Protein chains: 2
Amino acid sequence: MVTIKDIARTLGVSVGTVSKALNGRDDVGDELRARIIDTARELRYEPDPIARRLVTKRSRTLGVFMLDRQGFGVRRNFGWLFLDGILHGAAEREYDLVLFSNTDDTRYERSYIDICRSRRVDAAIIVGLRGDDRYLDDVLNAPIPVALIDTEVSGGSATFVSSDNRAGAALALEHLASLGHEKVATLRAPFSYPGRLRYEAWAEFAAALGCFRDDYVRDGDFTPESGMSAAESFAAMREMPTAIFAASDLMAIGLIRGFEKRGVRVPEDISIVGFDDIPNADLVGPALTTVAQDTLGIGKAALDAVLDELDSGSRREEILVEPRLVVRQSCAAPRAAAGSVKG
Amino acid sequence: MVTIKDIARTLGVSVGTVSKALNGRDDVGDELRARIIDTARELRYEPDPIARRLVTKRSRTLGVFMLDRQGFGVRRNFGWLFLDGILHGAAEREYDLVLFSNTDDTRYERSYIDICRSRRVDAAIIVGLRGDDRYLDDVLNAPIPVALIDTEVSGGSATFVSSDNRAGAALALEHLASLGHEKVATLRAPFSYPGRLRYEAWAEFAAALGCFRDDYVRDGDFTPESGMSAAESFAAMREMPTAIFAASDLMAIGLIRGFEKRGVRVPEDISIVGFDDIPNADLVGPALTTVAQDTLGIGKAALDAVLDELDSGSRREEILVEPRLVVRQSCAAPRAAAGSVKG
DNA sequence: GCTGGAATCGAAAACGTTTTCGACAGAGAA
DNA sequence: TTCTCTGTCGAAAACGTTTTCGATTCCAGC
């Protein structure tokens with residue numbers, strides 16, 4: 001591996017001068033600088049990031065923690081989608097990403113922030129942090145910039161990045177209204193913070209529409225199974241809603257499967273709209289109309305947040321990125337009236 | 001940040017002795033070693049990995065390249081699933097993972113191996129490398145250990161890690177046979193290496209079963225769209241197969257949707273089995289029976305491969321990890337005979 | 001008592017950078 | 001001419017480790 005000394009030796013100058021020339025400092029002559037740059041290129045010199053970090057005290061590296069939420073496992077882990085946005089932003093700003101996970105409990109018997117400290121990363125992005133995480137306090141009092149994505153918690157010294165859940169829910173609800181629905185129910189996920197926000201948006205909407213009824217809300221836990229049982233429950237009602245806003249795609253798909261089993265068809269008999277736009281949501285039958293989280297935008301925003309804090313020293317409390325409605329085939333206009341004849 | 005000097009100073013010993021004591025060398029007294037370890041703990045000393053790397057010349061870091069295959073985008077990128085296995089393995093063996101992506105073309109105007117060189121990573125795992133990648137030669141002649149996952153290519157100095165595609169296909173085919181199917185077709189993906197392997201397994205199976213017919217094979221490109229058009233084509237046949245082995249889940253789901261549109265039902269009228277077990281494959285209606293790639297195992301195997309090569313210097317050509325069949329609801333026994341009545 | 005070796009520790013170099021400070025030359029102003 | 005200033009460069013320290021080698025002590029064996 002060719003070092004800065006090699007360049008210095010072949011040119012007969014000092015290493016300090018080479019370093020300054022390569023780093024664009026102004027106390028080196030133009031002619032010499034050109035020669036240094038030339039031979040650096042000829043020798044295919046690459047500055048050693050390790051040595052550089054040792055002296056500059058900044059690693060130009062940030063830690064990303066992919067936390068396994070409630071044991072869903074990888075296949076259901078939505079978090080990977082954010083990683084792509086983070087990755088792009090990091091590449092643009094010439095930072096490296098080191099990746100950690102907490103699924104291996106035996107190893108990470110230490111706080112995420114401790115890991116950051118030992119790895120000397122400049123900042124951290126944590127995706128999927130739960131409210132009952134045992135290291136929650138450490139995270140919220142971290143001495144380095146931290147961004148939280150896809151998380152239940154808020155507050156503290158970390159910046160909270162998420163979709164604008166209320167706006168997203170409004171998008172879905174307005175779509176339903178524009179289709180002519182007047183009886184729209186919800187399957188909420190009240191235990192999570194985003195879930196509560198989405199529910200509140202529904203509650204306001206339903207109140208405005210005059211269809212707020214206690215028996216139009218069911219509780220789920222983000223799993224398809226909870227969607228299926230909610231479908232059973234809805235299907236048994238005397239006066240079924242004509243549309244359901246589910247707080248997540250997984251639950252929305254559970255609803256579809258549950259209704260399917262009971263013989264009520266989507267979207268002919270009932271419209272269903274989800275939230276998230278999980279992978280392959282366009283492939284379940286019928287293709288799910290849902291409000292898509294801008295996972296790329298969220299990842300990028302989180303990255304910009306911590307890096308900006310690193311540069312400027314000023315932290316942002318919260319960043320909301322706008323989701324967008326993607327209409328597919330699980331919603332339709334309600335049937336003329338809740339008649340008695342079936343066909 | 002507390003350094004090795006701090007603990008040397010408080011104990012009145014030299015830094016070299018502290019280093020040796022902490023690293024378990026045998027030329028330091030037991031009593032002194034104990035005191036050093038104690039004060040290291042008291043001072044919450046963490047060895048600086050940067051400084052350590054500078055002198056040991058090993059970074060204990062490996063690069064992972066997530067390549068965006070054929071513009072599928074993140075949502076369709078199967079690659080993330082492997083990352084989890086890699087992550088676990090890396091944690092166990094105390095290596096750090098730095099992540100790269102190639103989706104940002106403007107930045108990565110340099111070979112992956114060049115990036116490894118500049119980042120001083122000890123080894124690399126590349127997922128999703130295509131056969132026509134412009135840096136293919138560089139990868140296959142890399143001076144560091146490299147493992148290839150989910151890739152079309154093989155050979156060279158890299159170790160190739162993948163599912164045992166032939167065995168996996170056999171699993172699916174035998175399942176179909178055990179259900180009583182005698183006319184099983186295939187939707188292949190001949191342009192890719194794994195696709196060809198899966199097709200060969202089908203061909204052998206079909207030959208053994210006596211149902212090998214040219215018009216029982218259709219070509220797809222791994223997209224759901226190609227599955228849909230294949231379904232059209234199959235549905236138009238005078239003598240339809242009773243089951244189809246698709247070379248990927250995406251195509252299998254496309255088949256289901258295509259048949260659905262033509263009024264042929266899965267699995268009542270035709271059975272369909274996929275390959276991969278993509279996220280949420282259990283949620284499409286009907287739940288897809290498929291052969292699941294052991295993504296965790298593959299990731300772990302790739303990691304072990306490069307790390308073992310780093311330790312021992314000996315490289316493995318190819319590692320095949322066994323997939324497993326997961327039967328869900330898209331396959332059933334064939335109907336008694338191709339009768340004329342519909343119900 | 002002397003020699004040999006083992007055990008224990010410190011001094012110092014090394015890794016590849018960046019950065020500070022001082023040296024020196026030349027140019028311009030007094 | 002002398003003084004000051006600017007421009008250009010080198011020497012050296014520093015970052016926090018690891019590792020080699022030499023120094024010292026201690027004890028067993030003769």
Side-chain angles (χ1 to χ4, degrees), chain A residues 1-41 43-61 94-96 116-122, chain B residues 1-41 43-61 94-96 116-122:
Chain A
M1 194 101 333
V2 35
T3 78
I4 212 174
K5 300 183 184 178
D6 297 321
I7 303 180
R9 191 167 347 105
T10 64
L11 249 43
V13 297
S14 77
V15 291
T17 307
V18 175
S19 172
K20 285 183 291 190
L22 258 24
N23 288 347
R25 303 214 156 232
D26 59 353
D27 63 341
V28 47
D30 290 338
E31 189 264 351
L32 178 55
R33 178 194 307 277
R35 275 168 50 213
I36 288 177
I37 291 179
D38 281 350
T39 59
R41 195 179 349 251
L43 265 40
R44 302 197 60 196
Y45 166 74
E46 297 265 4
D48 188 336
I50 311 268
R52 195 201 300 255
R53 284 169 200 171
L54 184 60
V55 47
T56 61
K57 309 260 79 188
R58 283 189 51 167
S59 67
R60 285 199 84 81
T61 286
E94 310 221 20
Y95 265 74
D96 280 349
C116 289
R117 212 170 62 92
S118 78
R119 296 314 203 290
R120 305 298 195 268
V121 299
D122 293 336
Chain B
M1 193 100 336
V2 36
T3 79
I4 212 174
K5 301 183 183 178
D6 296 320
I7 104 176
R9 192 169 343 106
T10 64
L11 248 44
V13 298
S14 79
V15 293
T17 307
V18 176
S19 173
K20 285 183 289 188
L22 259 24
N23 288 347
R25 303 216 156 230
D26 58 354
D27 62 342
V28 45
D30 291 338
E31 189 264 353
L32 178 56
R33 178 195 306 277
R35 276 167 51 215
I36 288 176
I37 291 179
D38 281 348
T39 59
R41 197 182 344 253
L43 266 40
R44 302 196 61 196
Y45 166 74
E46 297 265 4
D48 188 336
I50 312 269
R52 197 202 299 257
R53 285 170 199 169
L54 184 60
V55 46
T56 61
K57 309 259 79 187
R58 282 190 51 166
S59 67
R60 284 198 85 81
T61 287
E94 311 222 20
Y95 265 73
D96 281 350
C116 289
R117 213 170 60 93
S118 79
R119 295 314 204 291
R120 305 297 195 269
V121 298
D122 293 337

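None of the values given here were measured: they were computed from a predicted structure. Sequence lines set the chain letters: A, B, ... in the order given, protein chains first and strands last, and positions in each chain run from 1.
Rounded to whole Å, the distance from CZ on A/R9 to P on D/dG10 is 15 Å. At whole-Å resolution of the value, CD in A/E31 and P in D/dG7 are 18 Å apart. Summarising the geometry, the separation between CZ on A/R35 and P on D/dT8 is reported as 14 Å, rounded to the nearest angstrom.
Electrostatic pairing of B/E94 and B/R60 does not count as a salt bridge here, judged by no charged N lying under 4.0 Å from a carboxylate O. Ionic pairing of B/D38 and B/R35 is not present here: no N-O contact between side-chain nitrogen and carboxylate oxygen is shorter than 4.0 angstrom. A salt bridge links B/R120 and A/D48; the closest N-O separation between the charged side-chain nitrogens and carboxylate oxygens is under 4.0 Å.
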Mark up nucleotides 14-25 of chain D, 5' to 3', with B wherever a protein heavy atom is under 4.0 angstrom from a base atom, S wherever such an atom reaches only the sugar-phosphate, and - elsewhere. -BBBBBB-----
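A donor-acceptor contact shorter than 3.5 Å links the side chain of A/R33 to the backbone of A/R25. Side-chain atoms of B/S19 never come within 3.5 Å of backbone atoms of B/V15 as a donor-acceptor pair (strictly under, hydrogens ignored).
Side-chain contact annotation: A/D122 with A/S59, donor-acceptor N/O pair under 3.5 Å present.
A/L32 comes within contact range of the sugar-phosphate backbone alone, with a heavy-atom separation under 4.0 Å but no base atom that close.
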